[in-house]
Amino acid sequence: MKYSRSDAPKRPKPERLQDWNEVYLHEAPEERNAAVRTQATRCMDCGIPFCHSGTAGCPLGNLIPEWNDLVRRGDWELASDRLHATNNFPEFTGRLCPAPCEAACVLSISHDAGGAVAIKRVEETIADVSWENGYVQPSQAAVSSGKRVAIVGSGPAGLAAAQQLTRAGHEVVVYERDDRLGGLLRYGIPEFKMEKKVLDRRLAQLRKEGTKFVTGCEVGVDITVEQLRAEFDSVVLAVGALRGRDDKTTPGRELKGVHLAMDHLVPANRAVEGDGPSALSAEGKHVIVIGGGDTGADCYGTATREGALSVTQLDQYPMPPTVRDDDRSPWPVWPHILRTYPAHEEAGERRFTVAVKRFVGDEDGHVRFIELQQVRVEKDSSGRRSVVPLSDEIEVLPADMVLLAIGFEGVEHMRLLDDLGISLTTRGTISCGSDWQTTAPGVFVCGDAHRGASLVVWAIAEGRSVANAVDRFLTGSSNLPSPVIPN
Ligand code: SF4
């Protein structure tokens, strides 16, 4: 009650739009640490800490009340130790995770109490203090198991599995199809959410621990399944769920200038890496982003920085509440509040309860306008959603570039899966048993490839859990943690 919640301070908006750096202010360490100690002090060390619980709060089971108290006392080194005990990459989650722990925090129930503990801010600061003070060091395995594991994909799930298995004494080789490591962390997440140097310093730690990396190698093409089987004792598929959901019904979808979100984000991230200007830059264009989620917000902030003439994000759903809808309701509204991202404060416009009726092009077949309608999303008794127009009234908006950020439909088609004889679920993800093993013996799956597009914290939790399963498969038992089970 004595202290209010306060989130990490951001840089001024005009400054943010001049570069691609993270939106948050790089404060002087003493000032930052003092502010975060105050925030950690708000934690009540609940008898039942819902923040920590895997079902309601953190899938990793982060020991949140413990490290909140250590930060309150100023013991950053022990806080780092307790944070890394459950999370391989807290600097990723501190920056990127929408914090289900905060949604679950007991303090989020009451606005009178000032809202949830700023857990995400505390986590990110512990991680940054750890790197600044050298608390993060390579941790090499004491003995070698003599077993070899191939991990396909170097996103957060693959990297978490790789670090756990390397530390358990296995020889781990991570194969990455792209020219650089990191998967979505590299080419999906914009620099203004997490600077790539944050990823690179963690990759350097993994290398020093003994994990090997091969880039520019598509497993199933550049290395065959027969070679993989001959050279490795086990394989982990961490290939993501990158097949973007397309709009198959709106007239005009085939027009030039209408793209899937990742077609915009990947070249934009490559440009920031120094690969030359993006071929799909939004500079000088009226941009429409369709979809109100994380990926849509990433396109929004990217288009703004590229110098778009206008950016408008469309969402079929109503504006998220910023205060409790109904004061009699006991439930937190935190996850809905978090549907507003820093990018939305900077420029552009968000439109809610609207949907595109038609994309309209010019004589060259390039999109120039969209026709917009007010809608409501309805659910039938089976849970199937439909979008119902509220009137015949049509609004026209200029549109030179349309970005479809309406979700992902599972793993991309790849020869590797065919050659391994892998079965998919009806959601387009890779199916597995309760031991994370796919329909191909000795081949395991984790992360978005198993779960469907989800949060970075779930990817890390699944990477840790699959490491336990692979270790058990190779040695008969495992001391590695397994925070989650397959869904
Ligand atoms: Fe602290 Fe909130 Fe967790 Fe309770 S639920 S222990 S107040 S962070």
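Starting from 1, each residue takes its place in the sequence as its number. Atoms within each ligand, like the ligands themselves, are counted from 1 in listed order.
Taking OG of Ser482 as the reference point, atom CG of Asp471 lies at 11.0 Å (rounded to 0.5 Å). Considering CZ of Arg186 and CE of Met194, their distance stands at 8.5 Å, rounded to 0.5 Å.
Between Glu176 and Thr215, the side chains place no donor N or O within less than 3.5 Å of an acceptor N or O (distance only, hydrogens not considered). With 3.5 Å as the limit, one finds no donor-acceptor pair spanning the side chains of Arg350 and Tyr300.
Within the protein, the number of N, O or S atoms lying under 2.8 Å from atom 2 (Fe) of ligand 1 is 1.
For the pair Glu273 and Lys196, the salt-bridge criterion is not met [side-chain N within less than 4.0 Å of a carboxylate O].
By the salt bridge (Lys or Arg N to Asp or Glu O under 4.0 Å) test, Arg351 is found to be paired with Glu395, residues two or more places apart in sequence or in another chain being considered.
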